[in-house]
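Single-structure report; data block below.
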Amino acid sequence: MSENETKESLNFIEQMIEDDLKSGKNSFVQTRFPPEPNGYLHIGHAKSLVLNFGLAEKYNGKCNLRFDDTNPEKESEEYVNAIKEDIKWLGYEWNEEARFTSNYFETLYGYAVKLIKKGKAYVDDQSAEEISAGKTNPTIPGIPSPYRERSIEENLDLFERMKNGEFDEGTSVLRVKIDMDSPNMHMRDPIIYRIKKAHHHNTGDTWSIYPNYDFAHGQSDSIEEVTYSLCTLEFRDHKALYDWFIRELEIFPSEQTEFARLNPSYTLVSKRKLLQLVENNHVTGWDDPRMPTISGYRRRGYTPDSIKNFVHKVGIARRDGITDIALLEYSIREDLNKKANRVFGVQDPLKVVITNWPEGKTEMMQAVNNPGDETAGTREIPLTREIYIEQSDFLENPPSPKKWYRLGPDREVRLKYGYIIKCTGYTKDETGNITELQCEYDPETRSGQDTSGKKVKGTLGWVSAEHAVSAEIRMYDRLFLTENMTAIDDEFTNHLNPGSLTVIPNALLEPSLKSAKPGDQFQFERQGYFIVDKDSTDDHLVFNRTVTLRDNWAKKK
Ligand code: ATP
Ligand code: MG
């Protein structure tokens, strides 16, 4: 490998930062994560978090957490707290206290007054429809508002009265005077303040006017001296406006750089639509394990590392695209493969009676907790005369032993960590279902002490009937059936996967799981990774399936 190849390659933002630090354009890295507290964080936000907090960590800088709370009707304290919890869970620490755009309302108001005094802003009494019509479209010049040439004194007076609550909602707005002929529609005298007599989660009833997102966002970055203001591509055309504000207001020159949104396949990343799923009970809440929210993934059993590794694998691009969700599933398998202990669990139990095993005898078998991690140690599991195996591990008329390694009449398999057993008979009920197998074990074949010289290809998981712990298992699958959820044009709920949740009310698990606590994670051998859900009680264990062992969707495509 050449020297260049061994060096970690930089993404375009890191390259820009390194260039700026070298040239002296910037002397420090200050970023921020600016969520609007109108919903829970989703997997798309994880990309922005990893980017903003990651850059601050890498370049010895700081990352602020700023709640962009300019939209009082949709925002709440619940969301503020949930967002903080998710960021901490991912392992990030924001600089000082969390900030709120609403803490800058006074400063922003002052900025607006400054623009009025410079003759660069005016109160417009047109209706929303008239303002919109006046902007026309990018190919023809706009129609200036009849209020555009109001005097500075009149504008100052009207704006103050707007602030004092003297006018009704919708009667007037404050617009900046830029260029009604600009090909960039954001420069055609955008609105920067509206009258809204709404209660705000942070400022209460202090304000009757609220700044628009575009007036608040860039200026808040300046107030916080953010050197790298990173946002998603849809704000590209807003940059000219932010730069205009900075020039006219003569404030700290935060500079915006855009990157591509993360859009995983079979996934929705829009808080507005996720809220609809919650409100219309398509899911049980923001943290339903099927939700693509950070809290949903947490409850589902995804780890912070799996989410961060996923984002790193996706990388930072300048063009939008769809990311294969299988990459996230791969990341959690990779992480849990290292961290999760293996256990036996039977989802669809079939009783097996070992007929030559003495009644009442219990023999303890030694099982390896994690074959990839010696330090994880071993545990003992009881083997008894009656056990359960998976229904799907027995076939009455199996194909040749070369194609079917599991049980069938007269076939032999090894009970993992136990003995080799041979199926000598089976019982059916009147509808033809197999209800019991009779088997014989070979006492010479105890795992680790096998003196028989026998070789069998199949190894089965099992649990002792007498000792098994019963549990509810919630088998989760992808929430949507459509690969590209950004391209649909019908109602998005038409694309929900009706099979996204299957409940197994009575799975049987090995007795070591009796003491499992919410948040504990395991690999059920041959089945997948599972986490104990918070719905568990002392006598009712609930597990969520985090992910299957293999990608079952790969072949469906
Ligand atoms: P949504 O459409 O889900 O409401 P948003 O962009 O309005 O998303 P914000 O709360 O404003 O949500 O987002 C906070 C930060 O996260 C912003 O900087 C935004 O650009 C970024 N972000 C949001 N969604 C994504 C995504 N899918 N990929 C990358 N970054 C995202
Ligand atoms: Mg937003």
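For ligands, and for the atoms within them, numbers begin at 1 and follow the listed sequence.
The contact set between ligand 1 and S48, taken as ligand atoms under 4.0 Å from a residue heavy atom, comprises 15 (C), 16 (O), 18 (O), 21 (C), 30 (N). Heavy-atom proximity to K271, at under 4.0 Å, picks out these atoms of ligand 1: 1 (P), 3 (O), 4 (O), 8 (O), 9 (P), 10 (O), 12 (O). Shown in contact with P35 at under 4.0 Å from a heavy atom are these atoms of ligand 1, numbered in order with element: 10 (O), 14 (C). Within ligand 1, counting atoms from 1 as listed, the ones closer than 4.0 Å to a heavy atom of T232 are 20 (O), 29 (C), 30 (N), 31 (C).
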Derivation of the side-chain hydrogen bond (donor to acceptor under 3.5 Å, both in side chains) call for S102 and N202: CA-CA 7 Å; S102 55; N202 191 26; 2.6 Å; yes

Worked check of side-chain hydrogen bond (donor to acceptor under 3.5 Å, both in side chains) between D477 and S500: CA-CA 4 Å; D477 201 350; S500 63; over 6 Å; no

Pair K25-D19, salt bridge (charged side-chain N to carboxylate O under 4.0 Å, His left out): steps then yes or no: CA-CA 8 Å; K25 179 177 167 191; D19 290 347; over 6 Å; no

Y111 and E248: CA distance, side-chain angles, deciding distance, side-chain hydrogen bond (donor to acceptor under 3.5 Å, both in side chains) verdict: CA-CA 10 Å; Y111 287 164; E248 292 297 334; over 6 Å; no

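Residue contacts with ligand 1 leave out D68, since none of its heavy atoms falls under 4.0 Å from the ligand. Heavy atoms of R272 come nearer than 4.0 angstrom to ligand 1 in no pair at all.
Taking any N or O of H42, backbone or side chain, at least one lies under 3.5 Å from an N or O belonging to ligand 1. Taking distance alone, with nitrogen or oxygen atoms compared against 3.5 Å, F33 stays at or beyond that limit from ligand 1. Taking distance alone, with nitrogen or oxygen atoms compared against 3.5 Å, K47 stays at or beyond that limit from ligand 1. Considering backbone and side-chain atoms alike, R261 places an N or O below 3.5 Å from some N or O of ligand 1. Considering backbone and side-chain atoms alike, G44 places an N or O below 3.5 Å from some N or O of ligand 1. The distance criterion of under 3.5 Å between nitrogen or oxygen atoms is met by E36 with respect to ligand 1.
Within the cation-pi definition used here (under 6.0 Å to the ring centroid, within 45° of the axis), K308 qualifies as a partner of Y92. Remark: R478 qualifies as a cation-pi partner of Y266 under the 6.0 Å distance and 45° angle criteria applied to the six-membered ring. For R318 and F259, the positive end is not near the middle of the six-membered ring at less than 6.0 Å and at most 45° from its axis. The side-chain tip of K271 does not point at the ring of Y40 from less than 6.0 angstrom away and within 45° of straight on.
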